[in-house]
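In what follows, a structure is listed as structure tokens, so that the remarks can point back to it.
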2 protein chains.
Amino acid sequence: MNDTFQALSSTVRRKILAYLSKTDLTAGEISDRFEMSKPALSKHLSILMNAGLIQGDKKGQFVHYSLVKENLFANMNDFLVNFCPQGRPLKMESAELAKNKNSSE
Amino acid sequence: MNDTFQALSSTVRRKILAYLSKTDLTAGEISDRFEMSKPALSKHLSILMNAGLIQGDKKGQFVHYSLVKENLFANMNDFLVNFCPQGRPLKMESAELAKNKNSSE
DNA sequence: TAAGTATTTAACTAATAGGTTAATTATATC
DNA sequence: GATATAATTAACCTATTAGTTAAATACTTA
């Protein structure tokens, strides 16, 4: 449980969860949304993975990250983010991204 | 929210919350239950205070700590602790302590 | 096969966390 | 007022965290 709470104790990581709330995203797509180096972001992703909050699926040269929807804490964060000033817009952006992904299939 | 998750990311601190789940305890009574110096424990208490999870009331030379019951995360932890192997016995001990406190009043 | 793109790993640095002991503050008691 | 007790603060040490840039790995495509 330490790992889970530790993972959730970072604004960056909770934002990542918000971005993933409505759609899957590649490491690069996530990274584009933060002013931070790719290696730094990659570390955040691995922390979220180790906590079991997200999973990564390699497809060719891309790694597609998605929420582990069965995870109680991922769901809790998804709920809490609605009450967080920064959370809502990120969730909306996640929904927009999902729409675009579906229409381009 | 960072402070809250950070506070919850420590087993020691979650145990403190479990001990406080059924009764108030002084800093010393809490400290007695951990193999750690009093100053170290005092720091844990102040981290929990800063996160708004517990409050301390000074009565004479003692400081009585208690859960902030209105805090969503304190309640969440109280709930989660039931499913945690270490959590249950601590909550039971907390209930025992509460019983003794009441009978000695 | 060479060159380009996506991602992670390695090596490093600065700041933070979590512990220690010693000192301080505040209250109680003789 | 001197002494003991409860708790916190101060000063210090070590380990971990969060970032950086450079290098490595894996895949795609000309």
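Quick note on labels: first sequence line is chain A, next is B, and so on, each numbered from 1. Just so we're clear, the structure is a prediction, and the values are computed from it rather than from any experiment.
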With the side chain of [X] defined as its heavy atoms from C-beta on, choose the nearest nucleotide among [options].
X       : options                : result
A:Lys43 : D:dA26, D:dA18, C:dG18 : D:dA18
B:Gln61 : D:dA10, C:dA26, D:dT5  : D:dT5
A:Met36 : D:dT8, D:dT20, D:dA7   : D:dT20
A:Phe62 : C:dG18, C:dA6, D:dA7   : C:dA6
B:Ala40 : D:dA7, C:dG19, D:dG19  : C:dG19

* To do: Please round to the nearest 0.5 Å and tell me the distance separating atom CG of B:Leu53 and atom NZ of B:Lys69.
  => 13.0 Å
Closer than 4.0 Å, any side-chain N/O of [X] to the OP1 or OP2 of [N]?
X       : N      : answer
B:Tyr65 : D:dT8  : yes
A:Ser37 : D:dT20 : yes
B:His44 : C:dA17 : no

* To do: Considering only NZ, NE, NH1 and NH2 on the basic side and carboxylate oxygens on the acidic side, decide whether A:Glu96 and A:Lys22 come within less than 4.0 Å.
  => no
Protein-nucleotide distance ([X], atom [atom1]; [N], atom [atom2]), rounded to Å:
X       : N      : atom1 : atom2 : answer
B:Lys58 : C:dA28 : NZ    : C1'   : 12 Å
A:Phe34 : D:dG19 : CZ    : C1'   : 15 Å
A:Lys59 : C:dT5  : NZ    : P     : 23 Å
A:Asn50 : D:dT16 : CG    : C1'   : 15 Å
B:His64 : D:dA6  : NE2   : C1'   : 11 Å
B:Asp32 : D:dA7  : CG    : P     : 9 Å
B:Asp57 : C:dA26 : CG    : P     : 18 Å
B:Lys15 : C:dG18 : NZ    : C1'   : 16 Å

* **Short side-chain donor-acceptor distance under 3.5 Å, B:Lys91 and B:Asn82** => yes
* Which of these, A:Arg33, A:Arg88, A:Lys99, sits in a salt bridge (Lys or Arg N to Asp or Glu O under 4.0 Å) with A:Glu93? -> A:Arg33
* Asked: Which sits closer to the 5' end of DNA chain D, A:Gln6 or A:Gly60, going by the nucleotide each is nearest to?
  ->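 Looking at the nearest nucleotide for each, A:Gln6 comes out on the 5' side.
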* Given DNA chain D, 5'-ward residue of the pair A:Ser9 and B:Leu45, judged by closest heavy atom ->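 Mapping each residue to its closest nucleotide by heavy atoms, the 5'-most match is B:Leu45.
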* To do: Would you classify B:Thr26 as touching base, sugar-phosphate or nothing, given that sugar-phosphate means primed atoms plus P, OP1 and OP2, and contacts are heavy atoms under 4.0 Å?
  =>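 Since only primed, P, OP1 and OP2 atoms lie under 4.0 Å of B:Thr26, the category is sugar-phosphate.
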* To do: Can you label the angle between the A:Phe62 ring and the A:His64 ring as parallel, tilted or perpendicular, going by 30° and 60°?
  => tilted
